[in-house]
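So you know, we letter chains A, B, ... as the sequences are listed, proteins then strands, and number each from 1. Please read these numbers as outputs of a predicted model, since none were measured by experiment.
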Amino acid sequence: MNTILEVRALAPDVAYFRVEAPKIAKRRRAGQFVIVRVEAEGERIPLTIADSDPDGGWIALAVQAVGHTTTVMNRLREGDDLLDMVGPLGQPSEIELFGTVAVVGGGLGTAIAYPVAKALAGAGNDVVSIIGGRSRPYVIFEADMRACCDEVHPCTDDGSYGFHGLVTTKLEEVMARRTVDRVICAGPIPMMRAVAETTRPRGVPTIASLNPIMVDGTGMCGGCRVSVGGESRFACVDGPEFDAHQVDFELLSRRNKAYLDWEAEHKQVQP
Amino acid sequence: MTELTKRERMKLPPTEMPERDPEIRRTGFMEVNFGYDPDLAVIEAQRCLLCARPICIDGCPVGIRISDFIHHVALEEFTEAAEVIGIDNSLPAICGRVCAQEVQCEGACVLDKKGKPIHIGHLERFVADFVRENSPLEPPPNAPPTGKRVAVVGSGPAGLACASDLITMGHEVTVFEALHELGGVLVYGIPEFRLPKDIVRSEIDGLADRGVEFRTNTVIGSLDTLDDLLTEEGYDAVFIGVGAGLPKFLGVPGENLIGVYSANEFLTRINLMKAYSAKAQTPILDMRGKNVVVFGGGNTAMDAVRTAVRLGAGRASIAYRRTMDEMPARVEEVHHAQAEGVVFDMLVSPLELLGNDDSRLVGVRLQRMELGEPDDDGRRRPKPIEGDIFEQPADVVVIAIGNVPNPLLLRTTPDLDRTKWGTLVADTDTGRTSKKGVFGGGDIVTGGATVILAMGAGRRAAASIGEYLATGEW
Ligand SMILES: Cc1cc2nc3c(=O)[nH]c(=O)nc-3n(C[C@H](O)[C@H](O)[C@H](O)COP(=O)(O)OP(=O)(O)OC[C@H]3O[C@@H](n4cnc5c(N)ncnc54)[C@H](O)[C@@H]3O)c2cc1C
Ligand SMILES: Cc1cc2nc3c(=O)[nH]c(=O)nc-3n(C[C@H](O)[C@H](O)[C@H](O)COP(=O)(O)OP(=O)(O)OC[C@H]3O[C@@H](n4cnc5c(N)ncnc54)[C@H](O)[C@@H]3O)c2cc1C
Ligand code: SF4
Ligand code: SF4
Ligand code: FES
């Protein structure tokens, strides 16, 4: 069960997996995730379903090694099994004909944004994707994006590839040039917050895919709660996508750091 | 053994449960109660008056033939005792440990008025443990296969009990569980020191040996919907035992601060994810020397606060709106908690959780309460004492004020009737819901209740599922 069919490097510390999961492949919709465990006594970690093939019976995951579990996972090889995998979890993205949608991905966030871009394009939208990375090797899923998007704008912080600068600067440029009806973003919290502030003055509906720390992913623990419009919501069952203009990013960022000290002390595998 | 007269029996003192020293149990998750040995069990059983009309039975939600089984214990016929219990209870080792006996069987015992009720729960637990460890009962043989298939959603006590009876009837049974481990609250909620997980495991292994198929990591409602089970997947009936897993929060400012947990999260991190073990990868805030405040007064609150003690909390307290007398927790747990050094702050209600600049919890602001007039159900309602507000330091807050039904399954099955509280509507006697072929029981129907009620509901539903499968009548 949950056998890894393929694994390859996408970027430094980021691996792409194709995992056998016939049923999830058939049911899942864009925006949903799975929860994975890779070792006994191990953590349950949420990972977005980056792609799937219902006929081939697999789903794709892109994993960035940031701590213990993701590091252990990225050492798995073709033929290994994931210990546990449950999903699809979370609410699917709202996919309708909006017109033109800008999809903004930062770093690993591009892997999270890609399935949404693909589904939006499939629903007839013109999709403009803006995908950022620290430098050239960190820009991921570009070819996949090109296959479904109207425009694709790679951006790098150091200018080693594509547009030299922030994804939000590029987003401004796109919005100045053509009507954007909706924006979807996924990536580091400061980036999502910046995207929200870029679109707020123009009143463009903006959706962020949030990544709070989760435990069960089924609505049972409340550990994933985020504040949206002043109300507590459970990201695993009410999200993970929310109205970016309503999200308390500051709180999310702080809650995600809750275990930093613990992690520093307990790091058993060096990333 | 000589038969004792009634008078002699009444003179015998109750046999207390041997338990681990509080100072030792504060430091680990080993079970608190050691259990009776055969001698102690026989002595306690001899106290039972074997009443002609055993009113203790009225106090047991599933009507265990208490006097009969105790009589067997007194005669050292432990296997026979287990058989008698087994007629009505498929999870005796668990219920003997976690039932609120003082308000159920023992509360109804004639000797309760004298303050010396028979320790029915201890005896039930002894019988179940002794027989499991020495000469396990042969499970009833499964009836010849009926060719009918039943899906059981949720592996808590309701689902397990339902699956057990259905497999005996000869149906094919698959239990679907969302988490990676089976057992529901018995595994992720109730801690090891009260209910060793090996016991739950052995119940589940027994069911697997008898042919029940278990599928973990399967969320019904998202992977398959309920309708998929009945159509594509070809099940003839479905039992819903998904529990009441959605935690309630207090609704006061500061609830999203770091260090504030629902009891479910706190207990799940410890029990399911083993966050107390150095080997486990799930972090928990280090409790050593910390100030832990648990809001609530039920079993969940006691489990959380006693867990905090075991994680090394400097001060672990219960903050409850009413008084000790109104606390819904089992009396035994309250006594154990007191012995372990838990502080009970009664008649206080949270107004605000206080944080520092990093959004970490540093304290709580509390309102002192007093008891007012009794409300409709006779409980005296707490009301604030005007102006009596104070603050107290806290590094960790655990909110244990109850759970409501998790909407995951019901949300994707719109044609199932539910109440305004979100619980599933199902007939008390048959478990039948508003949807043909679909039955329900346990916490999803009653709201957060008890193991024995969930078990009983699972078994009644199994009987009525059997009828439905035989007749096709709804
Ligand atoms: C809905 C959702 C979808 C996600 N999709 C992906 C994905 O497709 N690919 C991917 O690589 N990652 C994804 N993540 C993030 C991923 O779950 C975390 O990186 C992972 O849990 C970290 O585990 P760890 O043991 O390796 O690191 P840890 O040692 O636990 O943590 C290392 C660092 O990561 C941060 N962190 C911990 N848990 C999370 C978390 N749940 N989310 C974000 N940061 C966290 C902590 O702040 C910490 O500093 C997603 C998260 C969510 C909630
Ligand atoms: C901390 C704590 C302490 C308690 N102490 C006591 C006590 O001392 N005595 C007592 O009698 N009672 C106690 N209770 C209450 C008792 O545990 C519950 O009443 C009982 O477990 C309810 O059983 P259930 O089978 O209805 O549901 P649960 O035990 O909640 O099991 C439901 C299962 O269904 C699974 N599930 C949910 N949704 C889905 C889905 N969509 N698909 C698949 N699976 C799903 C859940 O993961 C869970 O495993 C306690 C409860 C808690 C939380
Ligand atoms: S099942 Fe519970 S209430 Fe019934 S006899 Fe046993 S301990 Fe008492
Ligand atoms: S009521 Fe008490 S004394 Fe009488 S049979 Fe029941 S347990 Fe024994
Ligand atoms: S992760 Fe537990 S409720 Fe969302």
Side-chain angles (χ1 to χ4, degrees), chain A residues 1-2 23-24 26-28 32 34-45 67-69 72 83-90 92 213 215-227 232 234 236-238 248 250-263 265-266 268, chain B residues 177-181 184-185 188-189 216-219 221-225 228 242-249 251 255-269 272-275 277-286 355 357-360 399 403 405-409 411:
Chain A
M1 278 230 288
N2 314 327
K23 205 142 198 183
I24 301 177
K26 227 185 290 167
R27 302 287 163 164
R28 76 96 193 181
Q32 291 186 297
V34 288
I35 283 203
V36 164
R37 256 176 20 119
V38 294
E39 56 188 348
E41 317 240 319
E43 258 185 305
R44 297 167 61 97
I45 62 162
H68 177 83
T69 309
V72 171
L83 183 62
D84 292 295
M85 183 161 72
V86 54
L89 299 171
I213 295 173
V215 185
D216 58 298
T218 66
M220 184 265 278
C221 77
C224 62
R225 58 200 190 279
V226 290
S227 177
S232 281
F234 290 7
C236 69
V237 286
D238 301 326
D248 184 341
E250 183 59 35
L251 184 74
L252 175 63
S253 151
R254 287 179 175 174
R255 283 184 64 86
N256 270 10
K257 291 184 189 127
Y259 299 104
L260 274 187
D261 298 348
W262 190 94
E263 276 146 8
E265 246 176 72
H266 290 76
Q268 293 175 357
Chain B
E177 169 55 51
L179 295 174
H180 62 269
E181 281 205 35
V185 171
Y188 75 71
T216 49
N217 294 318
T218 308
V219 182
S222 76
L223 193 61
D224 278 316
T225 61
D228 294 335
V242 294
L246 191 81
K248 278 202 260 184
F249 283 86
E255 277 190 308
N256 293 335
L257 293 167
I258 298 169
V260 181
Y261 297 89
S262 73
N264 280 2
E265 181 181 0
F266 187 71
L267 292 169
T268 298
R269 282 176 174 270
L272 184 72
M273 308 309 294
K274 312 214 168 41
S277 146
K279 277 191 292 181
Q281 287 302 329
T282 296
I284 187 93
L285 284 185
D286 193 344
D357 290 344
D358 295 328
S359 297
R360 279 191 192 269
I399 300 165
N403 291 319
N406 185 322
L408 253 183
L409 176 64
R411 171 146 95 185

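- Each of A:Asp248, A:Ile35, A:Thr218 has some count of heavy-atom pairs under 4.5 Å with chain B, and the biggest count is that of A:Thr218.
- Only the backbone of B:Leu257 comes within contact range of chain A, judged by heavy atoms closer than 4.5 Å.
- Only the side chain of B:Asp228 has a heavy atom closer than 4.5 Å to any heavy atom of chain A.
- Looking at A:Arg254, the atoms closer than 4.5 Å to chain B (heavy atoms on both sides) sit in the backbone and in the side chain alike.
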Practice problem: Please assess B:Arg269 against A:Glu43 for the test side chain to side chain contact (heavy atoms under 4.5 Å, CB included), listing each intermediate value before the final yes or no. | Solution: CA-CA 10 Å; B:Arg269 282 176 174 270; A:Glu43 258 185 305; 5.8 Å; no
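- For B:Glu255, there are no salt bridge (Lys or Arg N to Asp or Glu O under 4.0 Å) partners, not counting sequence neighbours.
- In this structure, the side chain of B:Ser222 does not engage the main chain of A:Leu89 through any donor-acceptor pair within 3.5 Å.
- Using a 4.5 Å cut-off between heavy atoms, B:Asp358 contacts chain A through its backbone alone, with no side-chain atom that close.
- Proximity to chain B (any heavy atom under 4.5 Å) is restricted, for A:Leu251, to the side chain, taken from C-beta onward.
- Put simply, the side chain of A:Asp84 never gets that close to the backbone of B:His180: no donor and acceptor are under 3.5 Å apart.
- Atom CG of residue A:Asn2 and atom CG of residue B:Asn217 lie 7.5 Å apart, to the nearest 0.5 angstrom.
- Looking at A:Arg225 and B:Val260, their side chains come closer than 4.5 Å, going by heavy atoms from C-beta outward.
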Exercise. Please test A:Met220 against B:Leu179 for side chain to side chain contact (heavy atoms under 4.5 Å, CB included), starting from the C-alpha separation and ending with a verdict.
Key: CA-CA 10 Å; A:Met220 184 265 278; B:Leu179 295 174; 4.0 Å; yes
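- Options A:Ser227, A:Gly90, A:Gly217, A:Gly219 differ in how many heavy-atom pairs under 4.5 Å they form with chain B, and the most are formed by A:Gly219.
- A 4.5 Å side-chain heavy-atom check between A:Val237 and B:Pro407 finds every atom pair outside the cut-off.
- Of the two parts of B:Leu408, only the side chain, counted from C-beta on, holds a non-hydrogen atom closer than 4.5 Å to a non-hydrogen atom of chain A.
- The two residues A:Phe234 and B:Pro247 have their closest heavy-atom pair at CE2-CD, 4.0 Å.
- Rounding to the nearest 0.5 Å places CZ of B:Phe266 at 13.5 Å from SG of A:Cys221.
- Contacts between B:Thr268 and chain A at a heavy-atom distance below 4.5 Å involve the side chain alone, from C-beta outward.
- Closest non-hydrogen pair, B:Ile258 versus A:Ala258, comes out as CG2-CB, 3.5 Å.
- The environment of NZ in A:Lys257 is sparse: at most 12 heavy-atom neighbours from other residues, nucleotides or ligands sit within 6.0 Å.
- By number of non-hydrogen pairs under 4.5 angstrom with chain A, the leading residue of B:Leu246, B:Val219, B:Asn406, B:Asn256 is B:Asn256.
- There is no contact between A:Arg28 and chain B, counting heavy-atom distances below 4.5 Å.
- Chain A forms more heavy-atom pairs under 4.5 Å with one residue of B:Thr216, B:Asp224, B:Leu267, B:Leu272 than with any other, namely B:Asp224.
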